[in-house]
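Here is the structure we will look at, set down as structure tokens.
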Number of protein chains: 4
Amino acid sequence: MSRKPNTEARRAEIIRALQSVMATHGYEKATIQAIAKEAGLAPGLLHYHFKSKQEILVSLVTSLADYGQRRFEQIAGKAESPMDLLNAYLEARVGLGDGAAAEIVAAWVMIGAEAVRQAEVREVYQRAIATELELLSELLANCLRERQRVTTGSRDLAAALLAMMEGAYQLASATSGIMPVGYAAQSALRHAMLSIDAAPLATAS
Amino acid sequence: MSRKPNTEARRAEIIRALQSVMATHGYEKATIQAIAKEAGLAPGLLHYHFKSKQEILVSLVTSLADYGQRRFEQIAGKAESPMDLLNAYLEARVGLGDGAAAEIVAAWVMIGAEAVRQAEVREVYQRAIATELELLSELLANCLRERQRVTTGSRDLAAALLAMMEGAYQLASATSGIMPVGYAAQSALRHAMLSIDAAPLATAS
Amino acid sequence: MSRKPNTEARRAEIIRALQSVMATHGYEKATIQAIAKEAGLAPGLLHYHFKSKQEILVSLVTSLADYGQRRFEQIAGKAESPMDLLNAYLEARVGLGDGAAAEIVAAWVMIGAEAVRQAEVREVYQRAIATELELLSELLANCLRERQRVTTGSRDLAAALLAMMEGAYQLASATSGIMPVGYAAQSALRHAMLSIDAAPLATAS
Amino acid sequence: MSRKPNTEARRAEIIRALQSVMATHGYEKATIQAIAKEAGLAPGLLHYHFKSKQEILVSLVTSLADYGQRRFEQIAGKAESPMDLLNAYLEARVGLGDGAAAEIVAAWVMIGAEAVRQAEVREVYQRAIATELELLSELLANCLRERQRVTTGSRDLAAALLAMMEGAYQLASATSGIMPVGYAAQSALRHAMLSIDAAPLATAS
DNA sequence: AATGAATGAGCGTTCATTCAT
DNA sequence: TATGAATGAACGCTCATTCAT
């Protein structure tokens, strides 16, 4: 007899709507009214499901981080070698082709800017970045190990690749023609391979 | 009899104040009141010297682009070889150490986000990025030529390096410890050198 | 469950408040704050029900035009002869006696001035005037026909009478004693009757 | 040795500039900056020659009233009969053909609206209207006397004609095609003549 | 759960007026 | 006289948030 709570579904709709509006209008101009309209909901409902506008943003950040994780795991399922896994990761991050991806990428750029100025957003953003860094670092280390190289430089290399991907997001969103997102995957992979090959051989201890 | 115009000086002060406030609060929260306070001016005066808040932002973008240009030329003056020049460029872009640099870097990240959503900002941002790309591309081509390599990949390599630097700006501003800006210069240089060495030799035709 | 919309009622209140404030302070000085206070509403609410201040003004113009129309129809209901109808019209337009009328008249004068400088207001103002002109023209033609006169001059006469009424509004609002509004009805009627009598007889064809 | 004061010339320029700007933008939007630009003067200079913006407006009203007076006297110079004089008056008031006239007419409409809400403007506006009324009344009385009619109705008739002219200004400024200013002169003259002819004969006492 | 009206602080911008030069 | 920078109050408008229904 009790009503079935649909809070989780509603929250997801709202988060999704914020992502969509943020992609083109930024966070400040993503008004509650605009998000509600995008989601097809009454404005008042948003504050029923979320305490504040910032809470929607924070939820979006974790939501996007989770989405990236799932996407990688999905693509990685088919991979067998460490190199395949690395490739799968880069593909999951920057090898996005369709329109929905452009929205996600633009939204992520906006999130990055908000992370600079909002401590609460920064916290969850940082956590997401740190997780990425760790994952990528591990993937690179595995590649290095496979080729009998020392793994000391894997974290620095991961940071460089991460920066390249984030920068590609930015350039892809704010310019046209100069740097398509998809192109970044190749660049990153090439950089990774060059660096792996250039790494010193691990001596048997 | 008549009063001397001081518009140029005032405009510079205001632009500088916007940069400072944007670095920590973003563009939307960089209110006219806040900028005026930072500049030590009356709020109304800002609209005497600028038509709109957006005009201040656009001026800041070109101002920062010019600053980068001058900084490179200054550092490049001492350089002799193509490799030195490349190094000087990367140093000018990401080898910033002092506090003022962090402000510039953070402001540039905010500008990048605004470029996504404001056409007028995007235009001038794009122009700045294109100029950088061309310059860096030329520097890389010179390095390639010096080592008798084909220069076909120089533009793609330049784009990758540019993305890496922009991404480093973002990560440096929004996270701590993960990726210091200064570190990006080394990464970029290493990537450049690896790529140059890996480029095929130019055959005498 | 859901709340009932009350937009139409609120819009009417706001329009009414604008009319009241405009009558004594003009359009520019009829600030959103002042209108809100007059209506007993929070200032922000005005922009919830209207997109802009100008939209309130445009709504007021059509509202007043409609009111005039209704007022005429009401008075005209008792009329029987063409001359009675003409009299009813003039009465409805300028034979206003009570205090509410003075407010309407003054507001209309302000609207006239705004129509000169705001294209959007001019458009709806012009439409209202054109409707009046057509109606008055028809009423005059009927009077002329009843007396077997040619109706060729009816439109010019209508324009002259309309001008006289608008001018009476202006003089009644801006001066005291020189031209009471109510007096204009008599003048206009006299002018109409003289003109009708002076019109040439329609010859049987 | 002493500098030749040019205050009067400057004041005239400023008044003229206000008239020009008011005609299209109204009084509130006729900013000091805009008036100064129209006059080709520095903004600060306006408050050197006038105490306030309102003082410029008041000066404009008297200036326009004087201009009308001079214009009538000029045209009236050639007139011989009372009827010629009446005709000359109406011609001077509404028989304006060129472009400068449209500006004056529109400015006068704006002044009329300001007179409703500003006591100080109303005062001088009222004085101008009263002068007009007296003059027109006298002209009509002369026409009536010439035809041996009683002059009792001359003032009421004058008021009606004045209203018609003011209304014609309004309609000519805010609408197009419905009522050209120039047309009002004929209407008014016809109305005057009909009324004069209809006035009862003065009996020899 | 859901609606949509209501609130009021704060935004960018305008502008009459003042004033140092 | 003349200039143009400077001031600050007030404007129309936006918007996150609250709340009665």
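Here is the naming used below: chain letters follow the sequence lines, and residue numbers restart at 1 for every chain.
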Under 4.0 angstrom between B:S52 side-chain N/O and E:dG12 OP1 or OP2:
no

Given the rule in the side chain to side chain donor-acceptor pair (under 3.5 Å) test, do D:Q54 and D:E120 qualify, once you have shown the distances and angles that lead to the verdict?
CA-CA 9 Å; D:Q54 188 183 240; D:E120 211 159 334; 3.0 Å; yes

Rounding to an integer number of Å, can you tell me how far C:I35 CD1 sits from F:dA10 C1'?
15 Å

Whole Å only: how far is the CD1 atom of C:I56 from the C1' atom of F:dC13?
11 Å

Start with the C-alpha distance between C:R10 and C:E13, add both sets of side-chain angles, then the distance that settles salt bridge (charged side-chain N to carboxylate O under 4.0 Å, His left out), and finish with yes or no.
CA-CA 5 Å; C:R10 279 282 184 258; C:E13 289 174 26; 3.0 Å; yes

Considering only heavy atoms from C-beta outward, does the side chain of C:Y27 approach that of C:Q118 to under 4.5 Å?
yes

Round to the nearest Å and state the distance from C:E28 atom CD to E:dT13 atom C1'.
14 Å

Which whole-number value in Å describes the distance from D:I32 CD1 to F:dG8 P?
20 Å

Take the protein atom CZ of C:R3 and the nucleotide atom C1' of F:dC19, then report the distance between them rounded to whole Å.
7 Å

Does F:dG4 have OP1 or OP2 under 4.0 Å away from a side-chain N or O of B:H49?
no

Reckon B:H47 has a side-chain N or O less than 4.0 Å from the OP1 or OP2 of E:dT14?
no

For D:H47, does the NE2 atom sit with more than 12 other heavy atoms under 6.0 Å from it, leaving out its own atoms?
yes

Upstream residue (5' side of DNA chain F) when B:N6 and C:Y48 are each assigned their closest nucleotide
B:N6

Give a yes/no on whether any side-chain N or O of A:T7 is located under 4.0 angstrom from OP1 or OP2 of E:dA1.
yes

Nucleotide E:dA5, atom C1' - distance to CD of A:Q33 in whole Å
10 Å

Pairing of DNA chain F as dot-bracket, 5' to 3': ( ) intra-strand, [ ] crossing, | other strand, . unpaired, with Watson-Crick or G-U pairs under 3.5 Å?
.||||||||||||||||||||

With a non-hydrogen cut-off below 4.0 angstrom, is D:L45 in contact with a base, only sugar-phosphate, or nothing?
base

Checking contacts here: which listed nucleotide (E:dA5, F:dC15, E:dA2) is nearest the side-chain heavy atoms of A:K29?
F:dC15

DNA chain E: 5'-proximal contact among B:G44 and C:K4 (nearest heavy atom)
C:K4

Distance, rounded to the nearest Å, where A:H25 contributes NE2 and F:dT14 contributes C1'
15 Å

So, D:K53 and D:E28, do they make that salt bridge, N to O below 4.0 Å?
no

Specify the residue among B:A42 and C:A30 whose closest nucleotide of DNA chain F lies further upstream toward the 5′ end.
B:A42

Establish, with yes or no, whether the OP1 or OP2 oxygen of F:dG4 is under 4.0 angstrom from a side-chain nitrogen or oxygen of B:R10.
no

Where B:I56 and B:F50 come nearest, the two heavy atoms and their spacing
CG1-CG, 3.5 Å

Taken to the nearest whole Å, CG/D:L46 to C1'/E:dC19 is 16 Å

Of all heavy-atom pairs between B:A39 and B:A17, which one has the smallest distance, and what is that distance?
CB-CB, 3.7 Å

Search all heavy atoms of D:E55 against all heavy atoms of D:H49 and return the closest pair with its distance.
OE2-O, 4.4 Å

